[in-house]
Visitor: 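Below is the structure I would like to discuss, written out as structure tokens.
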Amino acid sequence: MKKAVIVILLMLLLTGCWDRLPLRNLNLVDIAGLDVDEKSGDVVLDYVVTKLTGTGQGEGEPHSKTTELRGPSLVEAVGQGAFIEQGPFIAINTGIYLMSEKFASHYPFRELAFLLKAPYTSINTPVIVLEGSVSKFLKSKSDTNKPFAKNLKNFVLLLNTNGIIPNVSMMQLILSHVEPLEDLAIPVLKQSDSEMELDGALLFRQGKNSGAKLSREQIGMWMFLSGKAKGWQKFTGHLPIKDDSGNDIDYGFSVRKGDSKIIIHPESSGLPKVNIEVKLKINVFEIGEEVHILKSDYVNRMESELSSHLQKKAVDTIKTLQKANCDILGIGKQIKAFHPDTWKSLDWRQDFPRMSIEPKFDVQILNADTK
Amino acid sequence: MDQMIHLEKISLNQLVCLVILTQVGVHVLKMPYDESRNAGYDSWLSILIGGLIAQAAIWIIYELGKRYPDRSLPQYISAIVGRPLGFILNFLIAAFFVESSLMVVVSYTDVINRWVLFRTPWIVLIGVSFIIIAYISSSTLRSIATITQTLMLMFLICFAIIFISGMGKGDWRHFLPVGTHGIGAILKDSFPAIWAYSGYELLLFVFPFLKYHKKKDILIAMSVANAFTTLFYVSIAVIVTYNFSESQLKSIPEPMIFILRKFNWPVVQSLDILFMTIWVSMVAVTGYVYLYLSARFLAFVGSKEIRNHTLLVWILTIVCFVVGLWGSDRQWLLRFTSYHDKATGIFTVIVPTLLFLTALVRRKAAGG
């Protein structure tokens, strides 16, 4: 009896006294919007919080509410959260950081470093750039009842899992400014009609916006070159040659297996030469043949056509990267790791744009039908 | 008391658990920050070397204990260095152990206070920790060993959590080229690693209370424990280096916390907080083992053994609690840490070595 009383009394202690956070006071943030106000230059921080209403009937209706905070810097904007109606605004579990292009190009990311030290902040959350004004976009969306925040979150995660473009987390972005070899490409979304779509990727050099952008096609090339292309993504286009009856040859394929290898050839004088060997094993579902039986010699011809076609596009992409001085392919890392002596003789930021980088594609079509 | 402890011997299995869990503590969260100041991405080599140095110290302690297999260090110390010096050394070693216990509790409370419980007053955190630790260390060595054996399961869970969250996005090229920082830098950084390995010195006390067939088995058990800890530390260094490059590591003093926060799983939010909560039990082991040892050494400071172990433990706890109240000031804590590191080097490596050499010389003199 005595023991039971003690146990029951002890249970009162287990509830916690100082640090309990009642669920109703927490804000599970779907989107944290980061923007810069055009007129005042203030940082505008929008939290989109979705709550369920009317849960008495069925599963309830999701209702997104946007809370806007402003301040001369992001920390100060966050600080304003203490004074608002629901306040103190305890934001946890952020789904996406959505920043405007203006914010991405003007705001120094090392000032975001406080996020790393703040407990309960989500630092593994993907960062996305949105074309246009984020605060206007969120305002226009939050009045509608559609669960847009959830959809957007899903869309961003799917881009990553389907191998279309890798996500960049807030932690990666913040830490990239101290690491000269950690250049990033952050996905850019834009609004078309009422849907969101991937527009390209903004190139970041050591945590700073380089201003250059990869197009959707170039993102695909980047995925090939870094050996990450796989999954559900379908690559389509047309070859620069005509078939027997004078029609364009369209192609469509998905990658079963994609490998890439960066090979460095150090030169006794001058910059090292870089080759990137890409091996693609693909399944084609369209390659210009009208009858859907792929013969071996036709397949061989198309393999080499496709290789040289993709190679040309890859050269283009590499040029864009070199022009932006943004090494997202990890060539610097490769030289530093495997050719330390060559690395010592280089001035990376000076030399990367001038280096000779040649891609070499080897495409193999897996689904040939007959010999 | 003496007789009671003699009756309650602990198995070598329990010894292994005791040593491993006393070795691992708060430092895991910081690893390999201190070890990469000079050695950079070669820090895993420094940590490996630290493990080898610890192994050497274990061998010395074993050789020392082998000479007096039925007594523990506080009892035979006077036979080596003479009475007054023996008492002084006993007192100093007791002071070092109680300081270690205080250190580990205060540094972990600091971690908890910064990442999990922000609003809970410092005095409450410190108080609750010390009450738990004191309660356990006031019991017999056998009970302590049994509790520790049970907590081993928690440790394995933590090991799994670290591995799960450490994999994923990373780059093996962060390790290359191996060894470019030079052997000097790597050796220099193996010193902070030695401090992380401390815990094996409990053999100084527990030697006569072990169940064994051959004396050699003790050395084997100790080596197994140390090898396991080395493996654990090196894998942490490898995981951290896989995730962060050298220049990134410079700006994150607690890399393990960031790696734990990286993990994204819809079922469990904030794996870091879950980990830190489970890890409390690992830190508690280090705390209560040291507190126990301190009380046992203190019991032999006078010419007559003080038999009331529980009383000694609680007196030491009150002292720790009062001093620990200053720990909320991080500046103080950092100064304390640097002092503690030096003390650890002296008491876990230098003192046993000197004692061993003295015993060797004496034996020779007596024999010759």
Visitor: Which heavy-atom pair separates A/Leu116 from B/Trp115 by the least distance, and what is that distance?
Guide: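 Shortest heavy-atom separation between A/Leu116 and B/Trp115 comes out as O-CH2, 3.7 Å.
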Visitor: Measure across A/Val178 and B/Ser251 and return the closest heavy-atom pair with its distance rounded to 0.1 Å.
Guide: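 What the structure gives for the nearest pair is CG2-OG, 4.1 Å.
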Visitor: Heavy-atom cut-off 4.5 Å, strictly under: side chain, backbone, both or neither for B/Asp272 against chain A?
Guide: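 Looking at B/Asp272, nothing touches chain A.
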Visitor: A/Gln172, A/Lys336, A/Glu182, A/Gln334: which one forms the most heavy-atom pairs within less than 4.5 Å of chain B?
Guide: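 Top option by heavy-atom pairs under 4.5 Å: A/Gln334.
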Visitor: Non-hydrogen atoms of chain A under 4.5 Å away: do they reach the side chain of B/Phe244, the backbone, both or neither?
Guide: side chain
Visitor: Select one option (side chain, backbone, both, neither) describing which atoms of B/Val124 are under 4.5 Å from chain A's heavy atoms.
Guide: side chain
Visitor: Mark yes when over 12 heavy atoms from residues, nucleotides or ligands other than B/Leu325 sit less than 6.0 Å from its CG; otherwise mark no.
Guide: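 Counting other residues, nucleotides and ligands, CG of B/Leu325 exceeds 12 neighbours.
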Visitor: For residues A/Leu181 and B/Ser245, determine if any side-chain heavy atom of one lies less than 4.5 Å from a side-chain heavy atom of the other.
Guide: no
Visitor: Measuring from A/Thr125:OG1 to B/Arg261:CZ, what's the distance to the nearest 0.5 Å?
Guide: 10.0 Å
Visitor: Would you call A/Lys333 and B/His174 a side-chain contact if the rule is heavy atoms closer than 4.5 Å?
Guide: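 SC-SC contact between A/Lys333 and B/His174 confirmed.
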Visitor: Would you say the side chain of B/Arg173 lies within less than 4.5 Å of the side chain of A/Phe338, judging by non-hydrogen atoms?
Guide: yes
Visitor: I need the A/Ile174 CD1 to B/Phe258 CZ distance, nearest 0.5 Å.
Guide: 9.0 Å
Visitor: Most heavy-atom pairs under 4.5 angstrom with chain B, which of A/Ala337, A/Pro180, A/Ser169, A/Gly330?
Guide: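 The candidate making the most pairs under 4.5 Å is A/Ala337.
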Visitor: Using heavy-atom distances under 4.5 Å, tell me whether B/Ile257 contacts chain A through its side chain, its backbone, both, or neither.
Guide: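 The answer is neither part of B/Ile257.
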Visitor: At a heavy-atom separation under 4.5 Å, does B/Thr120 approach chain A through its side chain, its backbone, both, or neither?
Guide: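 Both the backbone and the side chain of B/Thr120 come within 4.5 Å of chain A.
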Visitor: Around atom OH of B/Tyr135, are there more than 12 heavy atoms of other residues, nucleotides or ligands at under 6.0 Å?
Guide: no
